[in-house]
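Working notes, structure below.
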Amino acid sequence: MNEIFYITTPIYYVNSHPHIGHAYTTIATDVLTRFRKLFGADTYFLTGTDEHGQKIAESAAKSGIEPQEFVDRISQEFRVMWPHLHIENDQFIRTTDPEHKACVQQILQKIYDQGEIYLKEYEGLYCVGCERFMDESELVDGNCPDHQNPPELHKEQNYFFGMSAYQDWLVAELEQNENWVYPARYRNELTQFLKAPLQDLCISRPKSRLEWGIELPFDKNFVTYVWFDALLNYASALGWPDGEKYKKYWPHVHHTIGKDILKTHGIYWPCMLKAAGMPVFKKLVVHGHWVVGGSKMSKSLGNVVDPLAMKDQLGVDALRYFLMRDMSFGEDANFTEELAITRYNGDLANNLGNLLNRSISMSRNNFEGCVPPLGEIGELEKDLRNSFSKGVETCREYILAFQPHRALEHVVWLSSLVNKYIDNCKPWSLAKQKEDRERLGTVLYTALDMTRILVGLLDPVMPEKMREARISLGLGTEGIPFEKLTHGLLESGTELPKPTPLFPKMQVPGAEKTPAKIQQKEKPTSAASDEGKEWFALEDFQKMELKVGHIRTCRKVEKSAKLLCSEVDLGEGRLRSIVSGAAEFYTPEELTNRRVLVVANLKTVKLMGEKSEGMILFSDDKGKLILIEAPDEVNPGVTVR
RNA sequence: GGCAGGGUAGCUCAGUUGGUGAGAGCGCGGGAUUCAUAACCCCGAGGUCGGCAGUUCAAAUCUGCCUCCUGCUACCA
């Protein structure tokens, strides 16, 4: 019997537009699902949108439209985005779906009938932003710490769910079930939280204050608190209590969430399930957040990365790869364009893409455009095959342990093995000897065959790119079944189309070629030094704006051994800040007041946090810098040519 | 303040129950090579494993104290 795997993303609150956080959770869930499917599981993948609550009502009002129209609009943004990110969810639920509403009411009624929901008068400080009452001790200077404004005093009746009754049960559950919450640190966090007495959960909002929600079945004057409503989507989507899907998939439910909603999923949700008489989820899988340059990604900081923008730059599949590879699942991870492109170039372009390209090219050139025949195999082939059999299993284990980053690391390591194998066997040399033809075939076949396995392993992460790769290998468009990710199954004689680079190498933005690289490249090779040299036309030179500058002040750049930052007068009526790597050769005092040559139309860059709007020219003798000076009688701003 | 998790090569991080000279990728330096996307392959430099003290024949790995960062939570364990 097939293993069954049901996994959900949170349903996203339509108060904000889709961003990288949503994209990461959803892509991770998609990748995990596709891997499980590859391993033969019967999978079901749910995502959707959370659409009730006060913030939605307010946002709608602000936009001057009805809440329903508002949520329709934003929900649609999520729904249409997922296919663009190669997400293959089985269902998209909305909490405004009639089936969901019915389910929520039914469960509320059930718990109410059991006597676990009661009415209580409550007076307290209410923060509209948080949509909850706050304890005075939570306030900072009288303000809500999250929303920076004072909560309002509210007195009202509300319904409460007797969650506190489940505290002991939940503590025991967490204790017994070591892997219930993954990674374990989040389990610790919940355990820690449960050391304090659990409060009952307020699950209603009076309609006088908020109408946008699901009406309580036992009191028309109230709607349901949005979290109570939202969490139930995981079950309502499957047709609780009698739906076929519910019966089949519910016992195998996994929830992927970001660490920001740990408490709702780790505390409220199991208590709710217990009260509703449902089995609790099998596993809560918690991931960290993407941070940008060390600071949290937030709207207020204006550093939210738009996943669709990144998609255009990297390509969807490479973005998926980067997100999965660079975040240690569960930890926070840093996100920058440079990191993404470095990862892309290193793993995808240079290692895997180039492997595919070189293997196919050599096979085509030597075997009439076809997959070569496999001859007798030797030790090298045996070793490689061995590593791959183990490697495939290792990847599977990492995925089952919710460590996709480890799995991908391993795949690239395997890819390197094939590159090494090729280098060891030197097929380009074998091709020169007629008598080595059989050996040549064996080597190239092996390289292609192993590459095929890599393509199979990466299919869940990069479905479109790996489809292209399969076509390049003459395998057709169909995915490769897991049991075929084993050596020797490539068919000799299959025609190989002319390859084009699957992952063309990208330029890291802002990173010019390093001086060392240029030097190395232009190292004169004795006599023929002019041979490879590129000559510029005069108009090319004139693109550069060279000017005389006057260094007014100069100081060392903090924490940098090499950098000096100068304020330079270029006769522009303002001073430019220019960073130079000369601190090893000049003190700031020595540079102050000098007249120098400046490249004035160089793109502004930041070096060690300092803005640099140009370049001061030095002679560079094997790294030893000497300032090029202009005569004192030349005024700042004068052109040099 | 309490609790949890971190502080390991320039950067991002691995390091199982303490035990051969502390690792990977990227970056950097050198070499080799030319099939390939100036890719690949080999070699190398670089670390007081946050600090101090202790346990031990032996500690990045255990204990205590200190320090810094992150998260949760708050005057209460």
Side-chain angles (χ1 to χ4, degrees), chain A residues 135-140 145 183-197 258-260 262-263 266-267 286 288-289 291 293-296 322 325-336 338-367 403 405-406 408-410 412-413 415-432 440 443-444 447-448 451 499-508 511 513-522 532 559-562 608 623:
Chain A
D135 198 82
E136 207 149 337
S137 64
E138 292 179 59
L139 304 182
V140 178
R185 49 200 295 208
Y186 295 112
R187 170 175 170 251
N188 295 345
E189 218 164 271
L190 292 172
T191 306
Q192 186 58 34
F193 180 78
L194 285 167
K195 283 186 181 158
K259 64 179 185 180
D260 50 315
L262 177 64
K263 211 199 287 181
I267 307 279
V286 189
H289 291 157
V291 296
S295 57
K296 203 179 267 181
F322 168 73
R325 175 62 188 86
D326 262 48
M327 177 176 273
S328 272
F329 200 94
E331 307 285 322
D332 285 354
N334 203 1
F335 179 96
T336 67
E338 195 185 336
L339 281 170
I341 291 175
T342 302
R343 178 62 73 191
Y344 171 92
N345 281 339
D347 288 6
L348 299 180
N350 294 349
N351 198 326
L352 179 75
N354 186 43
L355 168 65
L356 190 68
N357 206 38
R358 70 197 297 213
S359 310
I360 293 174
S361 294
M362 281 188 281
S363 299
R364 277 173 52 85
N365 291 339
N366 293 291
F367 290 88
Q403 302 183 325
H405 58 293
R406 288 272 174 78
L408 295 181
E409 183 184 29
H410 199 72
V412 172
W413 181 75
S415 178
S416 268
L417 286 188
V418 187
N419 275 319
K420 289 188 218 301
Y421 166 78
I422 293 175
D423 276 55
N424 281 339
C425 297
K426 298 187 174 44
W428 49 91
S429 300
L430 296 173
K432 287 174 187 154
L440 175 64
V443 170
L444 294 178
L448 289 170
T451 306
T500 49
L502 190 59
F503 299 104
K505 196 158 180 178
M506 285 171 63
Q507 190 74 39
V508 179
K513 279 180 190 162
T514 65
K517 275 261 164 70
I518 294 167
Q519 250 178 19
Q520 190 186 353
K521 196 189 146 206
E522 293 183 352
K559 284 188 242 166
S560 164
K562 288 189 176 172
M608 297 289 289

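In the text below, chain A, chain B and the rest are named by the order of the sequence lines, each starting its count at 1. From a predicted model like this one, the values you see are computed outputs, not experimental measurements.
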Grab the OH-C1' distance between A/Tyr186 and B/U73 for me, whole Å please.
16 Å
Can you find a pair of side-chain heavy atoms, one from A/Leu262 and one from A/Ile267, that are under 4.5 Å apart?
no
Integer-rounded Å distance: B/C26 P and A/Leu352 CG
14 Å
Can you list everything that forms a side chain to side chain donor-acceptor pair (under 3.5 Å) with A/Tyr421? Sequence neighbours excluded, please.
A/Glu381
When you compare B/C65 with B/G2, how far apart are their P atoms, in angstrom units rounded to a whole number?
11 Å
Suppose you measure atom C1' in B/G25 against the same atom in B/U8; what distance do you get, rounded to whole Å?
15 Å
Can you tell me the distance, in whole Å, between the CG atom of A/Leu356 and the P atom of B/U37?
12 Å
Could you give me the stems involving RNA chain B, meaning stretches of three or more consecutive Watson-Crick or G-U wobble pairs whose two defining distances are both below 3.5 Å?
B:1-7 with B:67-73, B:10-13 with B:23-26, B:28-31 with B:41-44, B:50-54 with B:62-66
If a pair satisfies salt bridge (Lys or Arg N to Asp or Glu O under 4.0 Å) and one of its residues is in residues 340-352 of chain A, list it, with sequence neighbours excluded.
A/Asp326-A/Arg343, A/Arg343-A/Asp347
Nearest-nucleotide pick for A/Ser361, side chain only, options being B/C35, B/U37, B/U73
B/C35
Residues two or more places apart in sequence or in another chain: which of them pass side chain to side chain contact (heavy atoms under 4.5 Å, CB included) with A/Ser361?
A/Asn357, A/Pro499
With sequence neighbours excluded, what pairs up with A/Asn354 under the side chain to side chain contact (heavy atoms under 4.5 Å, CB included) test?
A/Arg358
Roughly how far apart, to the nearest Å, are B/G10 and B/G47 at atom P?
7 Å
Nearest-angstrom distance from the residue atom CZ of A/Arg406 to C1' of B/G25
14 Å
Pairing residues for A/His405 by the ring-ring contact (aromatic ring centres under 6.0 Å, His included) criterion, not counting sequence neighbours
none
Pairing residues for A/Phe322 by the ring-ring contact (aromatic ring centres under 6.0 Å, His included) criterion, not counting sequence neighbours
A/Trp290, A/Phe335
Could you tell me how far B/A24 sits from B/C41 if I compare only their P atoms? Round to whole Å.
14 Å
Within this structure, what is the CH2-to-C1' distance between A/Trp428 and B/U33, rounded to whole angstrom?
7 Å
Correct closest heavy-atom pair for A/Asn366 and A/Ala431 would be OD1-CB, 3.5 Å
Minimum side-chain heavy-atom gap A/Lys426-A/Lys432 below 4.5 Å
no
Quick one: side chain to side chain contact (heavy atoms under 4.5 Å, CB included) partners of A/Asn351, sequence neighbours excluded?
A/Val412, A/Ser415, A/Ser416, A/Asn419
Looking at every strand, decide which applies to A/Pro427 at a 4.0 Å heavy-atom threshold: base, sugar-phosphate, or nothing.
nothing
Rounded distance in Å - CG (A/Asp347) to P (B/A24):
16 Å
What interatomic distance, in whole Å, is found between P of B/A39 and the corresponding atom of B/A45?
24 Å
Side chains of A/Leu448 and A/Ser363, heavy atoms from C-beta outward: is any pair under 4.5 Å?
yes
What are the atom names and distances for every N/O pair under 3.5 Å that joins the protein to nucleotides 2-6 of chain B?
from	atom 1	to	atom 2	distance (Å)
B/C3	O2'	A/Gln192	OE1	2.7

A/Glu409 has an atom CD; how far is it from atom C1' of B/A14, in whole Å?
7 Å
Over all strands shown, is A/Leu502 touching base, sugar-phosphate only, or nothing at heavy-atom distances under 4.0 angstrom?
base
A/Lys259 atom NZ is separated from B/G71 atom P, nearest whole Å, by 7 Å
From C-beta outward on A/Met362, which listed nucleotide comes closest to its side chain: B/C26, B/C35, B/U37?
B/C35
Please identify each residue that fulfils side chain to side chain contact (heavy atoms under 4.5 Å, CB included) with A/Arg187, with sequence neighbours left out.
A/Leu174, A/Glu178, A/Val181, A/Thr191
Give each protein N/O atom lying under 3.5 Å from an N/O atom of nucleotides 40-45 of chain B, with the pair distance.
from	atom 1	to	atom 2	distance (Å)
B/C40	O2'	A/Arg358	NH1	3.0
B/C40	O2'	A/Asp423	OD1	3.0
B/C40	O2	A/Asp423	OD2	3.4
B/C41	O4'	A/Asp423	OD2	2.8
B/C42	OP1	A/Lys420	NZ	3.3

When you compare B/C69 with B/C26, how far apart are their C1' atoms, in angstrom units rounded to a whole number?
24 Å
State whether A/Lys505 places a side-chain N or O below 4.0 Å from either non-bridging phosphate oxygen (OP1 or OP2) of B/A39.
yes
My understanding is that only residues two or more places apart in sequence, or in another chain, count here; which of them pass side chain to side chain donor-acceptor pair (under 3.5 Å) with A/Asn365?
none
Any idea which of B/A36, B/U37, B/U73 is nearest the A/Lys263 side chain?
B/U73
What distance, rounded to whole Å, do you find between the two P atoms, one in B/G54 and one in B/U12?
33 Å
Which is more 5' along RNA chain B, the nucleotide nearest A/Leu348 or the one nearest A/Lys426? Just name the residue.
A/Lys426
